[in-house]
Structure formats: C-alpha cells, structure tokens
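All remarks here apply to the structure that follows.
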Amino acid sequence: MTITDPDTVPANPVYTITVSSTGVAAVNGERVTEPGLDTTEARVRALAEVRIKAAFHGRPVRVLAKEADGTAWPLIVDADGDVVTLDRSHPMPPAPAPVPAQAPPAAHGSPPAGSSFVPLAPEEARRVMATAPPEWAAPLPPQYASAWAELVAHERAGRLTEAIAAADQLETALADAFGPLAPPTVNMMTTRSTFTARRAVEEMEDWAPAVELLVETAQRRREAGAPEDETQRVISNMHAAWARLALEDPEGARETAETVLALLGDRPQNKRRVEAVFRLLERGAAK
C-alpha cells in the first residue's frame, strides 16, 4: 500500500523508535538490536520491525523516531517499506469510551491442597478496583471489549490454556497501542501471570516458566509504578511457584533465587518467605 494521505492513518498506535549512540535500537522500549551497530543500520532494523507491525495491522502506522541527541521525527511507515516524514506532530488519539474495567477474573474453585497460591476472590477484586488509582482502575478501551469477554469466558469455563493465550494476544495489542508500561498493558500482564500460576498449580508442572513470568510481572509493575498491594500478590505467587521449583529442580531455582529475594525485600510480611528461600537453598545444596 502506498501512503497517499497521511491524515487517513489512525492516531493509534504510535510506535516509538529510539536509537542510542552505541547502536542499540528499541521499539516501544523493546530492544531490537545489540550494541555495536552504527546508528543508521540500527535505525533500519528498527524500521523493519515496525514494517512487520504495519503488516499485522494491514495498514500504515505512525512512528516517532528519536535520535541519540534527542531529535524526534514523526513518521508514517507502511509494510512495503514506504516512509513519510511529517512536518507536524502526530495527532492526539481520541478519548476512548468506557467499557467494564479489566480486573483479573476471580478464581473459580479452590487451588489444590498445600498450595500457597493466592487467588483473587470476588470481594477482593472489588476492593482492589475500588482503591486503585484511577489510571490503574480505568476500563479498557471499547475496541478491546470483545477480546476481554472471550478471555473471561475461557477462564470461567476452566480453559486456562486458552485464557492465557487470549491474555497474551490482548497484552501484545495493548503494548503496541499504549506501550509496555501503560496501566492497561501491565494489568493484562498481571492477569496472564495469574492464570499461568494457576495452571502450574492445577497441573503441578511448568514451575520454571511460571516463576519467570511472575518475576517479570513484578518487575514490570514496579517499573510502571503499579499499585503495590497487587504487586505484593504477584510476589507472593512468585514465591509459591519458586518453592515448588526448588523442590523439583534445585539448580534451576538457584539461578533465580537472587532475583526472588530482591523482590521479596525486607517487608515484614515477607520475612517467613525469605527464610524459606534460604532453607530450600540449603536443602538443595546438601543433596
């Protein structure tokens, strides 16, 4: 498709390309090159990533290309490689109409006996949404309502694998539209990690991927300034999954122990969890 009229390109999403003086290029904060390239080659590779995203959308997309010196260029990029440099800033996207907020669906049923997994009960979900800052409790934009409804239907029917896949797709779409640290994106990542932990508990396997995702989710929430109450729930589930991993794969658990301990921190409510990490590490070393 040839870009004939940039004004017809929707205001969302806008992909931000950054290129450092060391040749590291990123798209919406996600690194796409390693250090060592010249800035021109790094920029070309970043644009190639955006072309893929344009192909996914089936139309040209908006880009803000930032240079190492702080200069920024508004662009329109199409899947076939056409690039148009605009002489004005990108327009502000229209304010979305509200749809029901995306609190994580409540857990149906109970986790297996002996599990330390902490599900989100319905009354707790309501409390979380009531006390969260407005930007973290805001509803999803209406274009995502059907995808969210499908996700909830999978979860309520006990189809966790399908619910996880739906959450992953929705999270990717939100990251493309709003960025990886935007509240809707981080909330969806939290939902995906919750489902992944539940599936690990129910199937009593796949602890390593669950730990990895829960660690990434807790770190992302901290980076984004998300409400700490829900971040602590993620950390609690991370510790529970890590404890299961430590019993089944001590070496694998040892590799992530330092990160787990850093996230647990010195909070009084996490004191026993920290002590349990050290006990499990000592038990694994003694084998």
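These numbers come from a predicted model, not from an experiment.
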CD1 of Ile164 to OG1 of Thr191: how many Å apart, nearest 0.5 Å? 11.5 Å
Taking atom CG of Leu214 and atom CG of Leu263, what is their separation to the nearest 0.5 Å? 10.5 Å
Examine distances only and state if a side-chain atom of His154 and a backbone atom of Arg159 form a donor-acceptor pair shorter than 3.5 Å. no
List the steps, then state whether salt bridge (Lys or Arg N to Asp or Glu O under 4.0 Å) holds for Arg233 with Glu230. CA-CA 5 Å; Arg233 183 186 302 280; Glu230 184 62 20; 3.3 Å; yes
For Arg221, all residues meeting salt bridge (charged side-chain N to carboxylate O under 4.0 Å, His left out), sequence neighbours excluded: none
Would you say the side-chain atoms of Asp78 pair up with the backbone N or O of Val61, donor to acceptor, closer than 3.5 Å? no
Only counting residues at least two apart or in another chain, list the ones meeting side-chain hydrogen bond (donor to acceptor under 3.5 Å, both in side chains) with Glu41. Arg45
Can you find a heavy atom in the side chain of Thr16 that is under 4.5 Å from one in the side chain of Val27? no
Under 4.0 Å between a side-chain nitrogen and a carboxylate oxygen: does that hold for Glu223 and Arg220? no
Check: Asn270/Gln232 side-chain N/O donor and acceptor closer than 3.5 Å: yes
Is the shortest heavy-atom distance from the side chain of Val63 to the side chain of Ile17 under 4.5 Å? yes
The criterion is salt bridge (charged side-chain N to carboxylate O under 4.0 Å, His left out); which residues satisfy it with Glu171, sequence neighbours excluded? Arg192
Minimum heavy-atom distance Glu135-Pro183, with the two atoms named: O-CB, 3.2 Å
Does a side-chain N-to-carboxylate-O contact under 4.0 Å join Asp7 and Arg88? yes
Could you tell me the separation between the OG1 atom of Thr18 and the CZ atom of Arg43, rounded to the nearest 0.5 Å? 11.5 Å
Step by step, would you call Glu49 with Arg31 a salt bridge (Lys or Arg N to Asp or Glu O under 4.0 Å)? CA-CA 11 Å; Glu49 291 292 326; Arg31 180 181 292 191; over 6 Å; no
